[in-house]
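Accompanying notes for the structure given below.
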Protein chains: 4
Amino acid sequence: MPKTLKLQDNNKLETAAKIRAAADELFCHHGYDAVSIQDVARHAGVQKALVFYHAGSKAALFEQVLEAYYHAHQQALATAYEAGGTLAERMHRMIDAYLTFMADNLRYAALIQRQVGSPETHPLIQRNMAPLFTWIEAALAPLTPKTGPLAARHFFVTFSGLVINYFTYAPLLASLWQGDPMSAAALEERRRHVHWMVDTMLAALEAAGPG
Amino acid sequence: MPKTLKLQDNNKLETAAKIRAAADELFCHHGYDAVSIQDVARHAGVQKALVFYHAGSKAALFEQVLEAYYHAHQQALATAYEAGGTLAERMHRMIDAYLTFMADNLRYAALIQRQVGSPETHPLIQRNMAPLFTWIEAALAPLTPKTGPLAARHFFVTFSGLVINYFTYAPLLASLWQGDPMSAAALEERRRHVHWMVDTMLAALEAAGPG
Amino acid sequence: MPKTLKLQDNNKLETAAKIRAAADELFCHHGYDAVSIQDVARHAGVQKALVFYHAGSKAALFEQVLEAYYHAHQQALATAYEAGGTLAERMHRMIDAYLTFMADNLRYAALIQRQVGSPETHPLIQRNMAPLFTWIEAALAPLTPKTGPLAARHFFVTFSGLVINYFTYAPLLASLWQGDPMSAAALEERRRHVHWMVDTMLAALEAAGPG
Amino acid sequence: MPKTLKLQDNNKLETAAKIRAAADELFCHHGYDAVSIQDVARHAGVQKALVFYHAGSKAALFEQVLEAYYHAHQQALATAYEAGGTLAERMHRMIDAYLTFMADNLRYAALIQRQVGSPETHPLIQRNMAPLFTWIEAALAPLTPKTGPLAARHFFVTFSGLVINYFTYAPLLASLWQGDPMSAAALEERRRHVHWMVDTMLAALEAAGPG
DNA sequence: GATGAATGAGTATTCATTCAT
DNA sequence: TATGAATGAATACTCATTCAT
């Protein structure tokens, strides 16, 4: 009976997937410490011991969630890394890719936000940031000095902040924004704001002459 | 016996202060969930039950810490709120006040960062952000439209992010910055970067004509 | 109301004592691994968390039990260590002290027996054995060589075994002994057996001349 | 296909044997309670469920290990039981057989040592001791009284203790012995010590006249 | 103001064991 | 014969909190 087989296969696959999905949601929502394996098990509709069977430990489960986001993030930016065109075009594309990924993975912002404070997670976050930093440094090299207030590294912090902060502070901004700051229209507006900031900044750098 | 009374008063103050100081340090460093009252008591060098006597509960103790930062923050920005001069001057002063407060209260950034994800803390953070938002909206009113990508609210998110993100991501940036990103020299460099961003942005807005 | 005070005092003292007593009995009966803190708590009639409050941890509780026996043991042998008389008299007195202590602390033999296999307990047992070894070596020095089959260290193993083994194997010997091997009469018989062994051995050593 | 069959047979044997070997080593080293089936499986390099398939249960696996030692022990003493010669010769041979078996099965001493405290194992240990006890009682019958301090049963406890205790306490004696108490030279020395004790004791009993 | 004892629910993790395949 | 998933009870230990003194 292939049907039975398929069902069982689905069940097996589903168990591990259900656990990861539950862990993802809970960790992102409440943070590592505030979530217990009991919570994850309840949320996934499985038994507590089964979470350990599949994930090994709470820390390992958390790392799996982080790792999944890391891969998704890198993949999301991959095309933007390699795309050509003018500097402004390339910057715009990178920002669009970043914004789209964040909008598609709203929990991710919250996760990272919280974990920035936990040194154990730093290596993973650094690994995550490194390619983007390298890319921005290379892209801005013709226009920016190696050091000082206009060095590329400052623009890296500035522009990643322009994107990330919108998402992390979104729940707090709901009262300032009329309507949902995560709606398609609001996100599009933010996208154009960041593009404007990029264009303005690039124009100023170009006017000032090469770094 | 005033002498005894005074001593007792000092002891009282000292005990409560020691507890708050310990709570401050631990909550900021490890987050609410990762800190136990036992930890706070040990760190303060007092008995566990005394923490409850003075603070009431763990949640109340945490709120006291948050509230203290809230007041310190408002006080730190108070002069900048009222200062006069050109728009650029006023923006610079506000940014300087913000940066200085953050540099003086490095733990605060970490605290807020973590708590942004916890809905219970949202009211306090919103209360904290409100005056600054109002101020920026008023300050930029002559130059920015009420809605759209160049509305003041976007610049609020953008510039508070320019400041805050530098602090929250600092421990991750250590490898990119050569040397400590929290050193006086590094902070001064960041200050000048943000000033440049403000000046550039204001110039562009002015060139484009009133919102 | 002194009565109430006394009762409360007793209760406080009793709690720690009840826990130690329960731990003593259970650890000796079933061994470290087979006893859970839950068991100890139930046996002492207190709550599980209270065991940790008073003892710190399972390992610490176990060490407290061991340590108590160690002190009792040393105290039990103290007089015999210092007593004078002929070599035979001193050996007899030591054996009597040892046998009496073991008979009064039947659980102790079982405890040590089991723990001999656990390296973590070795230091404590070695500390326990050291004074007796030193004493026997000094006492037999005039009669035994420093090395070889008749060295004092062999007699230490032999005579401590003569005493200890009787107790550790007692529950297995019940069928061979008619009646209880732990009865006063049976113990007195064993005492005389060990004395006879000592006398026989000393006579042989003396006949053979100084080591 | 006999070849395949044979291979399968070998694999079967190997799997069961690997499990028993792993169980043997772990149980002897750490005791019943401290060893999990997971440990055994890992140590044997097989799957956890396979251990249950082959052994039935943890208790059954443990009994298999004990039973194997029981058989090996009886077999090791078998020749000594039946050998002829003078009483001293027969005693020496028995002691040699015992010592050799213990030296060849060092883990066994540790196992028995621990299990003496567990009533469930008593029947097996008693079954193990019975033939030796009967043999010693018969051998010493001409020289010893039926009861009292010089009854054969005391010499049974005494001489089995002389042998066994050396092995069980060996890890604790390492510091007293210079060098390894389990080295061939050290074991030979102990053998001669026990022989001397036997000879001395027999001579004294003979001098005293028949029991 | 301060303390030590007590509590009951919670934590992550491991257990021996079963079972469908 | 072998396996991977699943289970429910148990493990040592910590938690915030209370309370009598």
Side-chain angles (χ1 to χ4, degrees), chain A residues 4-5 8-9 11-16 19 33-41 46-61, chain B residues 7-9 11-16 19 33-41 46-61, chain C residues 4-5 8-9 11-16 19 33-41 46-61, chain D residues 8-9 11-16 33-41 46-61:
Chain A
T4 308
L5 260 170
Q8 298 242 352
D9 264 7
N11 278 342
K12 277 184 195 179
L13 286 172
E14 267 172 29
T15 300
I19 289 170
D33 289 310
V35 172
S36 76
I37 293 291
Q38 184 78 263
D39 294 336
V40 174
V46 304
Q47 233 178 287
K48 193 169 48 166
L50 207 47
V51 177
F52 285 93
Y53 176 77
H54 281 286
S57 72
K58 186 184 176 184
L61 180 57
Chain B
L7 263 173
Q8 294 208 347
D9 265 8
N11 279 343
K12 272 189 210 179
L13 285 172
E14 270 171 28
T15 301
I19 290 170
D33 290 307
V35 171
S36 76
I37 293 291
Q38 184 76 265
D39 293 335
V40 174
V46 304
Q47 192 93 9
K48 188 170 51 166
L50 251 186
V51 178
F52 284 92
Y53 179 79
H54 281 287
S57 74
K58 186 184 177 183
L61 180 58
Chain C
T4 308
L5 260 170
Q8 297 240 354
D9 264 7
N11 277 342
K12 277 184 194 178
L13 286 172
E14 267 171 29
T15 300
I19 290 170
D33 289 310
V35 171
S36 77
I37 293 291
Q38 185 78 263
D39 294 336
V40 174
V46 303
Q47 230 176 290
K48 192 171 46 167
L50 207 46
V51 177
F52 287 95
Y53 176 76
H54 281 286
S57 72
K58 186 184 176 183
L61 180 58
Chain D
Q8 293 209 346
D9 265 8
N11 279 343
K12 271 189 212 181
L13 285 173
E14 269 171 29
T15 300
D33 291 306
V35 171
S36 77
I37 293 291
Q38 183 75 265
D39 293 335
V40 174
V46 305
Q47 192 94 7
K48 189 170 51 166
L50 251 185
V51 178
F52 284 92
Y53 178 79
H54 280 286
S57 73
K58 186 184 177 184
L61 180 57

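Convention: sequence-line order gives letters A, B, ...; per-chain numbering from 1. Bear in mind the structure is a predicted one, so any value in this text is a computation, not a measurement.
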So what does V35(D) hit on the nucleic acid, given a heavy-atom distance under 4.0 Å: a base, only sugar-phosphate, or nothing?
sugar-phosphate
Which pair of heavy atoms, one from A60(D) and one from A55(D), lies closest together, and at what distance?
CB-O, 3.2 Å
I need the minimum non-hydrogen distance between V35(C) and K58(C), along with the two atoms involved.
O-NZ, 2.7 Å
More 5' along DNA chain F: D33(C) or V46(D), using each one's nearest nucleotide?
V46(D)
Interatomic distance where CD belongs to E14(D) and P belongs to dA2(F) [whole Å]:
10 Å
Taken to the nearest whole Å, CG/L50(C) to P/dC15(F) is 17 Å
Are Q47(D) and dA2(F) close enough that a side-chain N or O sits under 4.0 Å from OP1 or OP2?
no
dA5(E) phosphate, OP1 or OP2: any side-chain N/O from T15(C) under 4.0 angstrom?
no
Nearest 0.5 Å please: distance from the OG1 atom of T15(C) over to the CD atom of Q47(C).
12.0 Å
Under a 3.5 Å limit on both distances, the Watson-Crick or wobble mate of dA20(F) is dT3(E)
K58(C) vs S36(B), nearer the 5' end of DNA chain F by closest nucleotide
K58(C)
Please give, in whole Å, the distance from dA2(E) P to K48(B) NZ?
17 Å
Rounded to the nearest 0.5 Å, how far does CD1 of I19(A) lie from CG of L50(A)?
5.0 Å
If the cut-off is 4.0 Å, is H54(A) near the phosphate of dA6(F), judged by side-chain N/O to OP1 or OP2?
yes
For atom CD of Q38(C) and atom P of dA9(F), their distance in whole Å
14 Å
According to a strict under-4.0 Å criterion, is Y53(A) in side-chain N/O contact with OP1 or OP2 of dA6(F)?
no
Mind checking who dT14(F) pairs with, Watson-Crick or G-U wobble, both distances under 3.5 Å?
dA9(E)
Comparing A49(B) with G56(A), nearest DNA chain E nucleotide closer to 5' gives the residue A49(B)
In short, D33(C) meets A34(D) closest at the heavy-atom pair OD2-CB, 3.5 Å
Whole angstroms only, please: what is the CZ-P distance between F52(C) and dT11(F)?
11 Å
Whole Å only: how far is the CD1 atom of I37(B) from the C1' atom of dA9(E)?
17 Å
